[in-house]
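Please read the structure below before turning to the comments.
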Amino acid sequence: MDEPIPVTRTVDHGTAKLMPDVDRARAWLLTVDGAPQSYVDLDEPTYLEFEYARRLAHVLDAAAEPGETLDVVHLGGGALALPRYLAAARPGSRQDVVEADRGLIELIAEHLPVADGAGIAVHGADAREWLDAAPAASADLVIGDVFGGARVPAHLTTVGYAHAVGRVLRAGGCYAANLADGAPFAFLASQLATFGAVFGELALIAEPSVLRGRRFGNVVLVAAHTPLPVATLARRAAADAFPARVEHGDALRRFIGAAQPVREGEGVDSPEPPDGAFSIG
């Protein structure tokens with residue numbers, strides 16, 4: 001059997017590389033301009049390598065009883081790690097994946113195709129524009145995992161964006177976003193204030209060392225209009241191979257402090273990660 005070989009291609013937003021994992025036969029790492037974007041195992045799609053992806057999966061797992069189908073919008077596609085996970089964990093789910101980089105979409109379709117009938121539709125579009133045009137109350141979950149390189153784009157950080165997410169969610173629906181920040185957490189606090197201005201329930205899932213400000217890292221923000229399954233999320237996060245904490249309630253109010261919601265037109269990209277925070281090779 002031929003050994004898989006790395007693939008490098010110039011896509012719309014940089015240089016994408018697909019690198020085979022020497023330890024797993026049909027597993028691949030996707031990077032764009034050196035920043036890790038996705039890890040997928042084609043033989044075991046429920047295996048998630050990245051810590052933040054596992055935490056987003058906890059939210060997906062807690063959203064309904066095991067085996068129940070979900071309608072999910074994924075903003076940001078990468079190599080489709082979470083859509084593949086959900087298709088395997090909840091067969092019959094309907095998923096829309098919105099990815100702005102059409103060159104990247106073509107690369108993944110060519111080298112890591114999704115099986116026909118998986119219920120995954122991929123759209124080449126800007127996340128905010130697609131969301132604004134999507135039907136109201138059409139999704140059980142919206143997952144935000146959009147990065148320009150290693151930074152969340154400014155137009156996906158505002159109260160207007162939070163309202164757009166809320167419009168697409170069904171009653172009882174949930175938003176979960178992968179964000180990245182470090183002490184003093186000005187960006188993360190502003191995002192909590194922003195989503196707190198639209199949603200009544202908030203939670204954060206993160207590694208304790210990140211929340212204590214010891215290192216820059218990924219944090220999953222969860223927002224909903226109805227009470228979140230905090231106890232379930234906390235159990236899953238604590239039992240994970242990469243243990244994490246769930247913060248909510250008064251702890252989050254203290255974290256937000258004096259931070260203000262981000263008004264339309266005033267958004268900024270998330271902070272530039274320190275050298276070496278996410279890069280590979």
Q. Looking only at heavy atoms, what is the nearest atom pair of Pro271 and Phe216, with distance?
A. O-CZ, 3.9 Å

Q | Distance-minimising heavy-atom pair for Gln260 and Ala193 | A | C-CB, 3.7 Å

Q. Shortest non-hydrogen contact from Ser270 to Ala150?
A. OG-O, 4.4 Å

Q | Distance-minimising heavy-atom pair for Ala64 and Leu70 | A | CB-CD2, 3.9 Å

Could you pull out every donor-acceptor pair under 3.5 Å between side chains of residues 196-208 and any protein atom, sequence neighbours left out?
| unit_1 | atom_1 | unit_2 | atom_2 | d |
| --- | --- | --- | --- | --- |
| Glu207 | OE1 | Arg215 | NH2 | 2.5 |
| Glu207 | OE2 | Ser209 | OG | 2.6 |

Q | Value rounded to 0.5 Å, distance of CG in Leu75 from CG in Asp96 | A | 10.0 Å

(Q) Check this for me, if you would: do Glu44 and Arg26 make a salt bridge, where the nitrogen-to-carboxylate-oxygen distance has to be below 4.0 angstrom? (A) no

Q: Could you grab the distance from atom CG of Asn178 to atom CD1 of Ile143, nearest 0.5 Å is fine?
A: 10.0 Å

Q. Between Arg253 and Asp250, is the closest basic N to carboxylate O distance under 4.0 Å?
A. yes

**Q.** ILVMFWY cluster, Val146 and Leu188 together (side-chain gap under 4.5 Å)
**A.** yes

Q.
If you compare all heavy atoms of Glu49 against all heavy atoms of Phe242, which two are closest, and at what distance to 0.1 Å?
A. O-CE1, 3.9 Å

**Q.** Pair Asp71 + Arg170: basic N to acidic O under 4.0 Å
**A.** yes

Q.
Looking at every heavy atom in both Gly267 and Thr157, which two are closest together, and how far apart are they?
A. CA-OG1, 3.6 Å

Q: To the nearest 0.5 Å, tell me how far Leu233 CG sits from Arg245 CZ.
A: 15.0 Å

**Q.** Aromatic plane relationship, Phe195 with Tyr175 - under 30° parallel, 30 to 60° tilted, over 60° perpendicular
**A.** parallel

**Q.** Atom pair CG/CG of Asn218 and Leu56 - distance to nearest 0.5 Å
**A.** 9.0 Å

Q. How long is the gap from OH on Tyr85 to OG1 on Thr46, to the nearest 0.5 Å?
A. 7.0 Å

Q: Using the test ring-ring contact (aromatic ring centres under 6.0 Å, His included), find all partners of His123 that sit at least two apart in sequence or belong to another chain.
A: Trp130

Q. Between Asp61 and Arg236, is the closest basic N to carboxylate O distance under 4.0 Å?
A. yes

Q) Is the closest basic N to carboxylate O distance between Asp12 and Arg102 below 4.0 Å? A) no

Q: Give the C-alpha distance, both sets of side-chain angles, the deciding distance and a yes or no for side-chain contact (heavy atoms from CB on, under 4.5 Å) between Leu60 and Leu141.
A: CA-CA 8 Å; Leu60 291 170; Leu141 289 99; 3.9 Å; yes

Q. Should Leu112 and Leu80 be marked as a side-chain contact (heavy atoms from CB on, under 4.5 Å) after you check the CA-CA gap, both sets of side-chain angles, and the distance that decides it?
A. CA-CA 9 Å; Leu112 306 176; Leu80 310 177; over 6 Å; no

Q. Just checking, is any N or O donor in the side chain of Asp126 or His155 under 3.5 Å from an acceptor N or O on the other one?
A. yes

Q. Are the charged groups of Arg263 and Glu266 less than 4.0 angstrom apart, N to O?
A. yes

Q) Under 3.5 Å, is there a donor-acceptor pair between the Asp132 and Tyr161 side chains? A) no

Q.
Which residues pass the salt bridge (charged side-chain N to carboxylate O under 4.0 Å, His left out) test with Arg84, not counting sequence neighbours?
A. none

Q. Going by an N to O cut-off under 4.0 Å, is there a salt bridge joining Arg90 and Glu68?
A. no

Q) When rounded to the nearest 0.5 angstrom, what is the spacing between CD in Gln37 and NZ in Lys17? A) 13.5 Å

Q: Go through the steps to decide whether Glu51 and Arg55 satisfy the test side-chain contact (heavy atoms from CB on, under 4.5 Å), and finish with yes or no.
A: CA-CA 6 Å; Glu51 296 173 28; Arg55 289 163 194 156; 3.4 Å; yes

Q.
Can you confirm whether Arg9 is buried at CZ, in the sense that more than 12 heavy atoms of other residues, nucleotides or ligands lie under 6.0 Å from that atom?
A. yes

Q) Are the side chain of Gln95 and the backbone of Pro83 linked by a donor-acceptor contact shorter than 3.5 Å? A) yes

